[in-house]
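Only one structure is covered here, and it is reproduced in the block below.
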Amino acid sequence: MKTRDLKILLVMEQCNPLWPSVPRVAYHIYSNLSLLADVTLVTHERNREGLEENCPEEAIDFIAESKRSANWYRCVNAIAGKGSTNWPLMHALSFPIYAEFDRQVFQRYHKAVENGEYDAVICATPVLPRYPYSLSRVCKDVPFIIGPVNGGLPFPSGFKKIARKESAHFNFLRALGRMIPGYTRTYQKADRILTGSQFTREWIHRALKIPREKLKMMPENGVTRAFFDAPLQTSPANEPLRMLFAGRLVPYKGADMLIEAIDKARKLTSRELNLVIAGDGPEEEPLKQQAKQLGLEDNVNFAGLIPPEEMPSLFAAADLFTFPSVREFGGAVVLEAMASGVPSAVVDHGGIGEYVTADTGWKVSPISRDYIIEEMAKAIADAANNPTRHQSMAKKARARAGEYCWEAKVEKILGIVRDCIEEK
């Protein structure tokens, strides 16, 4: 029987159901956790509209932003957000904004934590392991849990050109984060750190000298029940293979490699190959030109940016999810495909390579651009030519995705909280 017996202080600077990526991930953790525990959410004022619209009766404390921080935020966007966002610089310059939030959280809650008014403190955003949490200083008798955290994944060595486009030469700024007062201490004080990938787990163990027994694997992404609702179905062999790509149209996502792989796959199967590209971005026009030059303009449909509520039906209509991104921390779209009963063909680098197994899809090593194209073409042809095996993969993909549904994830988080309470 589920009870709300645990009282948890949940600190999430970013938490908003209306925004993509980390804010929406945080919202799913919060909304599902609050069904099972007595949760007080502490978040930034900028999330008020989305949260009050969806959680009007919940205990939420909004931390206001000073005029100085608001002005600095506009400066940071002007410097690092112009054109293609320079994420390493953006994160480095954004620290003063986070520091103001962290300071106010400490001022409001440190006495309550010291007095044992909460059974546990969980700090869950930012997802990148970049900043300290001041509340860690007063969690002597109260479990302090960080995560899920993920990030720091380097580009594969064969993709230096794309790495330059994504401002990877600014990654040296990550090391400066460890010089922030309290950063290393925050992680060393934690009772548990939830890590979103094996790479991040090993980095935290090695760089911050954290014992492995404190590090628990838990991908930050999850999947909602809406993706499990559609009946399992695959197109018969006499109909086109329906493929789907979903993501920002930027170089590292690899949509250009996918279009070229489809061109090569046409020589390996007699079956018609159709692709829907859901997403927008600066590479959209070059991709359209590429499809036209290869004679694929009738096979590749650019659907544009699709609202989140329409994505389940889009996945349900696909036979194969094709996602050759060469640098993906979490890759929630892969989990959504699997939950929809759609096998995936992905690049085996980072989180997405940990979701997909040999019996739920195809994984390609990121050796080089040419290698990915060749192997993706083989995977597409394999899916097209072996519908019986493809159906088996679909069932196993959905079964595996069940481990990542939000309800299951927060149950695991509560299990970790209870383990920490017993240890304390």
Side-chain angles (χ1 to χ4, degrees), residues 9-27 29-30 40-55 59-110 121 123-137 146 149-152 165-186 220 248 250 280-282 305 329:
L9 182 63
L10 181 63
V11 181
M12 290 175 154
E13 186 212 13
Q14 304 171 64
C15 183
N16 197 322
L18 304 181
W19 296 347
S21 192
V22 172
R24 190 174 295 150
V25 165
Y27 171 74
I29 293 174
Y30 161 64
T40 298
L41 172 65
V42 188
T43 190
H44 198 282
E45 176 72 25
R46 70 176 78 96
N47 303 307
R48 181 184 291 274
E49 181 183 356
L51 287 170
E52 288 189 342
E53 181 181 322
N54 287 271
C55 313
I60 303 176
D61 186 9
F62 295 99
I63 303 294
E65 184 175 58
S66 69
K67 184 178 291 186
R68 182 174 57 185
S69 282
N71 290 335
W72 179 242
Y73 181 74
R74 284 192 288 271
C75 290
V76 170
N77 271 328
I79 295 168
K82 190 175 182 181
S84 180
T85 302
N86 184 329
W87 287 112
L89 185 60
M90 176 76 81
H91 293 308
L93 294 177
S94 297
F95 174 70
I97 301 167
Y98 168 80
E100 180 184 84
F101 171 84
D102 179 65
R103 184 169 58 253
Q104 291 188 68
V105 172
F106 182 82
Q107 290 170 350
R108 290 191 192 186
Y109 288 94
H110 76 278
V121 175
C123 293
T125 71
V127 166
L128 289 170
R130 292 280 177 87
Y131 303 148
Y133 300 101
S134 295
L135 278 179
S136 64
R137 305 204 305 264
I146 300 175
V149 292
N150 204 355
K165 286 185 178 180
E166 295 295 328
S167 306
H169 51 288
F170 280 89
N171 282 345
F172 71 90
L173 293 171
R174 293 174 184 163
L176 298 180
R178 278 173 268 173
M179 300 170 63
I180 297 172
Y183 172 80
T184 302
R185 182 188 62 216
T186 288
E220 74 274 21
R248 283 277 292 158
V250 291
D280 60 7
L305 188 63
F329 299 127

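The figures that follow rest on heavy atoms only: side chains count, while hydrogens, waters and symmetry mates do not. From a predicted model like this one, the values you see are computed outputs, not experimental measurements.
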Under 4.5 Å between any side-chain heavy atoms of [X] and [Y], yes or no?
X: Pro282; Y: Arg248; value: yes
X: Ile63; Y: Glu45; value: no
X: Glu65; Y: Ile97; value: yes
X: Tyr27; Y: Asn54; value: yes
X: Val121; Y: Tyr109; value: no
X: Ile29; Y: Met12; value: yes
X: Glu13; Y: Tyr131; value: no
X: Phe101; Y: Val105; value: yes

Would you compute the distance between atom [atom1] of [X] and atom [atom2] of [Y] and round it to the nearest 0.5 angstrom?
X: Asp61; Y: His44; atom1: CG; atom2: NE2; answer: 12.5 Å
X: Asn16; Y: Ser21; atom1: CG; atom2: OG; answer: 12.0 Å
X: Tyr73; Y: Glu100; atom1: OH; atom2: CD; answer: 14.0 Å
X: Trp19; Y: Glu49; atom1: CH2; atom2: CD; answer: 8.5 Å
X: Thr186; Y: Asp102; atom1: OG1; atom2: CG; answer: 7.5 Å
X: Tyr30; Y: Thr40; atom1: OH; atom2: OG1; answer: 8.5 Å

| task | Would you check, one step at a time, whether the test side chain to side chain contact (heavy atoms under 4.5 Å, CB included) holds for Arg137 with His110? | result | CA-CA 9 Å; Arg137 305 204 305 264; His110 76 278; over 6 Å; no

Which heavy-atom pair separates [X] from [Y] by the least distance, and what is that distance?
X: Arg24; Y: Pro17; answer: NE-O, 3.4 Å
X: Val76; Y: Ser94; answer: CG1-OG, 3.8 Å
X: Tyr98; Y: Pro132; answer: OH-O, 2.7 Å
X: Val25; Y: Glu220; answer: CG1-O, 3.2 Å

| More than 12 heavy atoms from other groups under 6.0 Å of CZ on Arg68 |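 Not more than 12 within 6.0 Å, no.
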
| Is the number of heavy atoms from other residues, nucleotides or ligands under 6.0 Å of Phe95 CZ greater than 12? |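 More than 12 within 6.0 Å, yes.
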
| field | Ser66 backbone acceptor or donor facing Ser69 side chain under 3.5 Å | value |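 Side chain of Ser69 to backbone of Ser66: no pair is present.
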
| message | If we ignore hydrogens and angles and just use 3.5 Å, is the side chain of Ser134 paired with the main-chain N or O of Phe106 as donor and acceptor? | response |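 No; zero donor-acceptor contacts below 3.5 Å.
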
| side chain to side chain contact (heavy atoms under 4.5 Å, CB included) evaluation trace for Leu51 with Cys15 | CA-CA 8 Å; Leu51 287 170; Cys15 183; 4.1 Å; yes

| Residues that Thr43 engages under side-chain hydrogen bond (donor to acceptor under 3.5 Å, both in side chains), provided they are two or more places apart |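 side-chain hydrogen bond (donor to acceptor under 3.5 Å, both in side chains) check on Thr43 returns Asn47.
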
